[in-house]
K.L.:
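Take this structure first; my questions come after.
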2 protein chains.
Amino acid sequence: MVTDELDDRKKRILKAVIDDYIENREPVGSRTISKRSDMSFSPATIRNEMADLEEMGYLTQPHTSAGRIPSEKGYRYYVDQLLDLKERIGFEPTAEELSDVKLRVQREIGEMSDRIRVASELVSRLTDYTSIAISGSADGSLRIKALQIVPVEPGKALAVIVLEGDSVKNSVIQLDKSIGPETLMKISAQCSMLFAGHRVEEISLNMIESVSEASGVPRALVMPVVDGIFDCIRKAESPGVHTEGAARFLAHPEFSDVEKAKGILELLNREDLMADLITECSGSDGLVIRIGSENKIEGLNECSVVTATYSVNGVKLGTIGVLGPTRMDYPRVVAALEYVRRRLTGENELAAPPELPQITEMSEVKDGRGNS
Amino acid sequence: MVTDELDDRKKRILKAVIDDYIENREPVGSRTISKRSDMSFSPATIRNEMADLEEMGYLTQPHTSAGRIPSEKGYRYYVDQLLDLKERIGFEPTAEELSDVKLRVQREIGEMSDRIRVASELVSRLTDYTSIAISGSADGSLRIKALQIVPVEPGKALAVIVLEGDSVKNSVIQLDKSIGPETLMKISAQCSMLFAGHRVEEISLNMIESVSEASGVPRALVMPVVDGIFDCIRKAESPGVHTEGAARFLAHPEFSDVEKAKGILELLNREDLMADLITECSGSDGLVIRIGSENKIEGLNECSVVTATYSVNGVKLGTIGVLGPTRMDYPRVVAALEYVRRRLTGENELAAPPELPQITEMSEVKDGRGNS
DNA sequence: GTTAGCACTCGGCGTCGAAGAGTGCTAACA
DNA sequence: TGTTAGCACTCTTCGACGCCGAGTGCTAAC
C-alpha cells in the first residue's frame, strides 16, 4: 500500500490539481499550481509532471489548450491515498450551521428512522449536497419488539408493530363487524406471543393456523388480522427512503443544464433506485465512496456517492448517503457523515479520539494542507 | 355575470390567444389567430381588437414588435368566463396514463392520508405538473376514533391514536421502568375513555389529573404517557404535506433558468409554506384557482395553483393542489382534479352527471372548441 | 366596419475577430 | 540530468456586427 507508482512530487501535484478543481471547477493549469505557496517548481516542470499524470490516466484534458481535470482514476487515488482526513476529522459545525437541527437530533427520542431522517437533513445542510436516508434494513433482519391489534370501530382495527430501532409500522384492518374488542384482544395477545422477539424474515403466513387454534377463533375471522400484520411486515421490509435537499443539486454548475438536472431529479424520486444505490454500498459498517461510473445507475455517471451505515449492537438501523457531483468536497462530506455518525450512535464527540473511517489508509503525505 | 365589458368577438379572440399561448408558450400574433378555422377576420381586424384587449389589460406585449401574451387579468377572465369546462369534464384517463396507480387508488383501503397521497401522484402524472397533497385538517377538527398505549419493553411504550379518515399517529414514550404492562393497560383504558370521540382541539393538558385519579396511578407516572398522547395530537394538528413530481417543474421552459428552478424547488421543500399555500385555498369545498400573484408566496408569482378539497360527511380530510406555471393547461388540471375527487369520495364516475365545480359559471360562449 | 399595403421595430442567430489562457517543445542553465 | 525560460501554437470565450423574419401600427381604399 505504501509502494505505488507515484513519487512524492507527483502526489503533491495531483492533490493540488484535484483540490483546486474541487474548489473552482475549472481546468487547472500549470501556472496556477506553481503559484501555490507550497509548490516550489516552475510552471514548465509542473507541465511535465502533469503530462506524465495524464499519460498514467490520473488527469485528462478537456481540450488541447486547457488545463487538466481529474479523471475518475484520479479521484479514486485522491480519496484512497491523498485525502488527509485529519484535516477535517475534528470538524465541528458552527452553531449557525447547525441551527435548530442539532437540538432536534439530540432531543429526539422517538423512532430511529426519524432520527436518521433528521440527521440526513443535517448532513445535507452541512455539505450543501443532496442527502439520502434509508432507515430499516432491506433484509428482514430486524426483530419485532411489540405487536398489538387496536380496535378502532366496529369492523375496523389497527395492527401496530414496533421494531428494533423503535420504528413503528401500522396497517388499517377491515374485518367482520361481528368481531368484538374482546375477541380482538385475544387474537392480539396470541399474535404478540407468537411473533414478538422474532425477526421480520422469520414470520410466515402459515402461522395463521396457530393463531386460530390457540385463540379459539375461527380461521376466517383471524385471517384479515394476520393479513394486516403481514402488511405491517411488508412495510417493515421495504426500507424507508427519504431524500433531502434535492434542490441543492441545482446549485452546482455541472447541473446548470436543465435537462441534466431534470434527469437527476427524476432519479432522486425513484425510491427503488435510490434504495439500491445506497444499500449496495452499505455492506461494510464504515464509510464507502463510489466515484462516477463506479455506481451502477445510469445517469449518475457524473455523480459520486458517499455513504455511512449506522448500527447499534450489530444491527444495521440505517444508512445516510450523500449524492453530489464527482467534483465534490470529499473531505467535508466525510467529516459531516462522521460527525453525524457519532451523534447517532451516541458517542460523545469529545471522548475517545475518533477512529478514522475505514475507507482509507493514509499514505505518508504530510504536507497536504487544505486550501482556503 | 352575463353582461361584461367584452363583446363576443373580443371574447373569442381572447380565448384563442390564451389557448394558443398555453399550447405554444410563444407570443401570439394576429396572423396566427386569423388563420384559425373558426376565425373569419383578417389579421388587421384582429390587430385592432388585440390592441383594444391590451388597453383593457387582458393582454400584454413583451416588446413592441412581438405578439401578445395574456396578463393575469386575462387568465382570470379566461378561467372565470371562457373556460369551457365541458370540453374536458368527461375526461377519462387512458389506461396507459393510469398505469398501476388507478388500481392502487381503488384497492387502497388504508389511511385516507395514504389515498390522498396516491391520488396526488396520479394528478401529477395526469397533468404533468407538480402536485401537493395535504392530509388532515390544519385546525384540530378531526375526532379521535381510538387511542391505545402499547407496551414495548420495560421503560418504553408507544402511544397510538386513530383519527377520522383513519389516519394514524404514534409516538414513542420513555417511562419509568417500574411501570408494568398492567398499569399501562389501566392508563390506556382511562385515556381512551376520556379522549376517544373528542375532537383533537378539545383535548387539554389538565386531563392528566382526571387520568391519574381515575386510574389510581400517581400523577408523575401518568405524566409521560399523557405527554406521548399529546405528541400524537401535535402531529395530528400539523397537516401532512406531500409533494409529488417536483422534477416536472423543470420540464416547463419558463423554468429553464436554473436559478428560477432552484428557487421554486426550495419553496416546494418548505412544508410550512406549501401547507399555507394549499390550506389558504381550501376554504370552499370545490375547486379554487389562484393565478400568479393572487397567491401570496413571493417567488410563486409566475405560478398558478389549482386546489381541490375533499370532504366526507362534512369533515375535511385533505386537499390536493396542482402547482404549475401561470401558463398552465387549466382545463386539463381541473378535469384531473375532478376525476380524482370522484374517485376519492367514492362517487362512480358513470353515475350522476358530474356537477360542474363551483369556480365558474359558464358564459354563453358555445363555440370555443379546444384546439388539438 | 373591414381589409390591404407598407414602413418600422426589435429579438434571434450566425459570422468574425480579438483576447486570453494554457500547452508542448526547444534550448539554455546549474 | 533535472529544471527553467522562451516561444509558437491551439483552442475557447466573448463582444460586435449585420441580416432575417415576425409582428406591429397606421393609412387609405373598399
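Here is the naming used below: chain letters follow the sequence lines, and residue numbers restart at 1 for every chain.
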K.L.:
Output all residues satisfying side chain to side chain donor-acceptor pair (under 3.5 Å) with B:Arg290, sequence neighbours left out; order by chain, then residue number.
P.N.:
none

K.L.:
Find the distance A:Ile46:CD1 to D:dT3:C1' and express it as a whole number of Å.
P.N.:
11 Å

K.L.:
Would you please name every residue forming a salt bridge (Lys or Arg N to Asp or Glu O under 4.0 Å) with B:Arg31, sequence neighbours left out?
P.N.:
none

K.L.:
Using the ring-ring contact (aromatic ring centres under 6.0 Å, His included) rule, collect all pairs that involve residues 249-269 of chain B, keeping only residues at least two apart or in two chains.
P.N.:
B:Tyr129-B:His252, B:Phe249-B:Phe255

K.L.:
Going 5' to 3' along DNA chain C, which are the first and last nucleotides with any atom under 4.0 Å from a heavy atom of chain B?
P.N.:
C:dT2 to C:dG11

K.L.:
Tell me: CZ of A:Arg47 to P of D:dG2, nearest whole Å?
P.N.:
18 Å

K.L.:
Measuring to OP1 and OP2 of D:dT4, would you say a side-chain N or O of A:Thr45 lies under 4.0 angstrom away?
P.N.:
yes

K.L.:
Could you spell out the base pairing of DNA chain D as a dot-bracket line? Use Watson-Crick and G-U wobble contacts where both distances are under 3.5 Å, [ ] for crossing pairs, | for partners on a different strand.
P.N.:
||||||||||||||||||||||||||||||

K.L.:
Just one of B:Glu23, B:Glu254, B:Glu26 clears the salt bridge (charged side-chain N to carboxylate O under 4.0 Å, His left out) bar with B:Arg327, so which one?
P.N.:
B:Glu254

K.L.:
Run the side chain to side chain donor-acceptor pair (under 3.5 Å) test against A:Glu259 and tell me which residues pass, sequence neighbours left out.
P.N.:
none

K.L.:
What integer distance in Å separates B:Ile69:CD1 from D:dA22:C1'?
P.N.:
16 Å

K.L.:
Could you work out, with side-chain contact (heavy atoms from CB on, under 4.5 Å) as the rule, every residue matching A:Ser256, not counting sequence neighbours?
P.N.:
B:Val258

K.L.:
Which residues within residues 55-65 of chain B lie with some heavy atom under 4.0 Å of an atom in DNA chain C?
P.N.:
B:His63, B:Thr64, B:Ser65

K.L.:
For B:Arg25, give me all partners under side chain to side chain donor-acceptor pair (under 3.5 Å), at least two apart in sequence or on another chain.
P.N.:
none

K.L.:
Check side chain to side chain donor-acceptor pair (under 3.5 Å) between B:Thr45 and all other residues, then give those that pass, not counting sequence neighbours.
P.N.:
B:Ser42

K.L.:
Mapping A:Asn48 and B:Asn48 onto DNA chain C by nearest heavy atom, which one lands closer to the 5' end?
P.N.:
B:Asn48

K.L.:
Can you tell me the distance, in whole Å, between the CD atom of B:Glu26 and the C1' atom of D:dA22?
P.N.:
11 Å

K.L.:
Checking A:Ser30 now: which residues fulfil side-chain contact (heavy atoms from CB on, under 4.5 Å) with it, not counting sequence neighbours?
P.N.:
A:Pro43, A:Ile46, A:Arg47, A:Met50

K.L.:
Looking at B:Glu72 and B:Arg76, is any side-chain nitrogen of the basic one under 4.0 Å from a carboxylate oxygen of the acidic one?
P.N.:
no

K.L.:
Just the rounded figure in Å: distance from C1' of D:dT1 to CD of A:Glu49.
P.N.:
14 Å

K.L.:
Only pairs at least two apart or in different chains count here, so list each ring-ring contact (aromatic ring centres under 6.0 Å, His included) that has a residue in residues 44-65 of chain B.
P.N.:
B:Tyr58-B:Tyr77

